[in-house]
Amino acid sequence: MSTLSSSFSLPERVAQHARSTPTRVALRYLVDGEDESIDLDYASLHARSQALAAELERRGLRGAPVLLLYRAGPDYLCALLACFAAGAIAVPAYPPSARLRGANQRIRAIVGDSRARVALTTRSIAHAAQHVPALSALTWLATDSLQLEAEAQAYQAFDPDRPSLLQYTSGSLGQPKGVLITQRQLLANLAMMSDVFGEASGSPLQGPIVTWLPPYHDMGLIGTLLSGLYEGLTVVQLSPESFIRRPVRWLRAITRHRGALTVAPNFALELCVRRIPEEQRAGLDLRSLDVLITGAEPV
């Protein structure tokens with residue numbers, strides 16, 4: 001486990017990393033799944049999330065469920081941490097889509113169950129969501145267009161035992177089911193995973209975590225994205241769509257960025273075997289991997 005001083009919230013943990021390793025990349029998002037990337041270092045992640053947290057507090061959202069409708073990438077990560085820091089209850093969900101009717105039905109179920117009245121997202125998604133009737137009653141905040149004030153250390157007044165995250169199941173086998181999670185529970189889970197990663201690799205994890213998993217469910221959210229922030233590591237992220245279209249992108253990302261840990265359901269391994277031809281395997285080198293976790297399906 002990391003030897004950082006004890007913390008009671010993930011935003012405080014990120015603040016510690018921002019002080020000790022400010023220029024280390026927290027998230028490297030591969031925009032095209034391969035070469036084009038957006039880097040967000042720990043200092044910037046802390047500053048942006050705290051500035052947004054101050055805005056959420058100003059709007060009276062402490063203790064309120066707040067829907068997060070983002071694609072994978074820096075905007076989503078900043079909004080998630082901002083909700084944690086402001087004491088709002090983050091409700092991550094896959095963004096609405098004109099092509100994915102099932103995804104919109106899932107969002108409708110989550111809105112009804114969580115009773116969220118506010119949604120954080122980007123301008124482009126907010127514009128598209130205007131055509132989804134189930135979301136018409138939401139108040140939309142496009143965080144990429146807000147004029148944010150200076151950062152505020154919101155987490156200092158944070159109660160670690162109040163609900164912080166409303167985590168829903170995928171809904172693939174029925175209506176999505178939500179579980180309320182506190183920051184204390186979240187950090188306990190992350191500390192346990194840190195111990196497991198260290199035992200599996202024989203030493204504390206050092207290299208990047210590479211992931212394409214949806215950052216809205218437990219395996220992608222806690223197993224990769226938040227685990228990386230807890231440890232102060234770099235998370236290299238590509239979108240689920242990038243992986244599904246060309247599975248070799250996942251293995252190329254591990255190769256290029258010397259990934260030390262990756263996580264995926266076993267169907268992803270089968271997809272690589274079936275859809276990566278011999279000519280695409282040239283140059284792949286997975287020897288940097290210390291830990292490969294597979295789950296979520298019978299093996």
Side-chain angles (χ1 to χ4, degrees), residues 1-18 20-21 24-28 42 45 49 68 72 76-77 80-81 83-85 90 92 155 158 160-161 163-170 178-238 240 250 253-254 257-266 268-269 286 288-297 299:
M1 188 190 303
S2 173
T3 57
L4 285 178
S5 61
S6 61
S7 53
F8 54 78
S9 74
L10 195 61
E12 185 187 27
R13 190 86 175 178
V14 169
Q16 292 173 334
H17 296 315
S20 60
T21 55
R24 175 176 292 171
V25 174
L27 180 70
R28 174 165 292 151
Y42 273 96
L45 173 60
S49 61
L68 304 184
Y76 167 71
L77 186 57
L80 180 67
L81 284 175
C83 286
F84 290 167
Y155 61 82
F158 190 78
D161 294 311
S164 181
L165 175 66
L166 183 49
Q167 181 69 59
Y168 279 89
T169 58
S170 66
V179 176
L180 281 170
I181 301 170
T182 68
Q183 282 291 304
R184 193 183 302 278
Q185 292 168 330
L186 179 61
L187 262 65
N189 191 179
L190 293 170
M192 179 190 66
M193 296 183 72
S194 175
D195 288 341
V196 170
F197 295 162
E199 291 174 5
S201 62
S203 61
L205 201 65
Q206 298 295 327
I209 294 174
V210 178
T211 180
W212 56 266
L213 293 172
Y216 322 106
H217 307 146
D218 184 75
M219 183 180 277
L221 176 59
I222 298 174
T224 59
L225 199 58
L226 299 190
S227 288
L229 297 189
Y230 180 85
E231 295 285 4
L233 301 175
T234 297
V235 176
V236 178
Q237 182 186 51
L238 54 155
W250 176 32
I254 295 171
H257 301 282
R258 308 306 298 154
L261 180 144
T262 194
V263 184
N266 60 295
L269 306 179
L286 307 183
S288 64
L289 275 180
D290 292 319
V291 182
L292 167 62
I293 297 177
T294 182
E297 298 179 59
V299 178

Non-hydrogen atoms of [X] and [Y] that approach each other most closely:
X	Y	value
Pro163	Leu180	CB-CD2, 3.8 Å
Cys83	Leu68	SG-CD2, 3.9 Å
Tyr168	His217	O-CD2, 4.1 Å
Ala264	Ala268	CB-CB, 3.9 Å
Leu205	Phe197	CD2-CD1, 4.4 Å
Ala26	Leu229	CB-CD2, 4.2 Å

Hey, could you give me the [atom1]/[atom2] distance between [X] and [Y], rounded to the nearest 0.5 Å?
X	Y	atom1	atom2	answer
Glu12	Leu81	CD	CG	13.0 Å
Trp250	Leu269	CH2	CG	5.0 Å
Ile181	Asp218	CD1	CG	7.0 Å
Leu190	Gln183	CG	CD	9.0 Å

- Message: Between Glu231 and Pro204, is there a side-chain heavy-atom distance shorter than 4.5 Å?
- Response: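 In short, these two side chains do not touch, never coming nearer than 4.5 Å.
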
Validation row: Pro92, Leu165 side chains within 4.5 angstrom (heavy atoms):
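Counting from C-beta outward, Pro92 and Leu165 do come under 4.5 Å.
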
Q) side chain to side chain contact (heavy atoms under 4.5 Å, CB included) between Leu10 and Leu80: does it pass, once the steps are laid out? A) CA-CA 10 Å; Leu10 195 61; Leu80 180 67; over 6 Å; no

Worked check of side chain to side chain contact (heavy atoms under 4.5 Å, CB included) between Leu261 and Val263: CA-CA 7 Å; Leu261 180 144; Val263 184; 3.7 Å; yes

Mind checking what makes side-chain contact (heavy atoms from CB on, under 4.5 Å) contact with [X], not counting sequence neighbours?
X	value
Leu292	Thr262
Val25	Arg28, Asp39, Thr234
Ala253	Leu30, Val210, Leu238, His257
Asn189	Met192, Met193, Ile222

With sequence neighbours excluded, residues passing salt bridge (charged side-chain N to carboxylate O under 4.0 Å, His left out) with Arg184
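Applying salt bridge (charged side-chain N to carboxylate O under 4.0 Å, His left out) to Arg184 gives Asp161.
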
| request: Please list, chain by chain and in numerical order, all residues satisfying ring-ring contact (aromatic ring centres under 6.0 Å, His included) with Tyr216, sequence neighbours excluded. | output: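 Listed in chain order: Tyr76, Tyr94.
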
Which of these, Thr294, Ile293, Leu213, Thr211, sits in a side chain to side chain contact (heavy atoms under 4.5 Å, CB included) with Met219?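 Going through the options one by one, the only one that passes is Leu213.
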
Centre of Tyr230's six-membered ring, under 6.0 Å away, within 45 degrees of the axis: is that where NZ or CZ of Arg13 sits?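 Because its charged atom sits under 6.0 Å from the ring centre and within 45° of the axis, Arg13 does stack over Tyr230.
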
Practice prompt. Verify, without hydrogens or angle tests, whether Thr224 (side chain) and Gly220 (backbone) share a donor-acceptor contact under 3.5 angstrom.
Written response: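 Yes, the answer is positive, given that a donor and an acceptor are paired below the 3.5 Å cut-off.
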
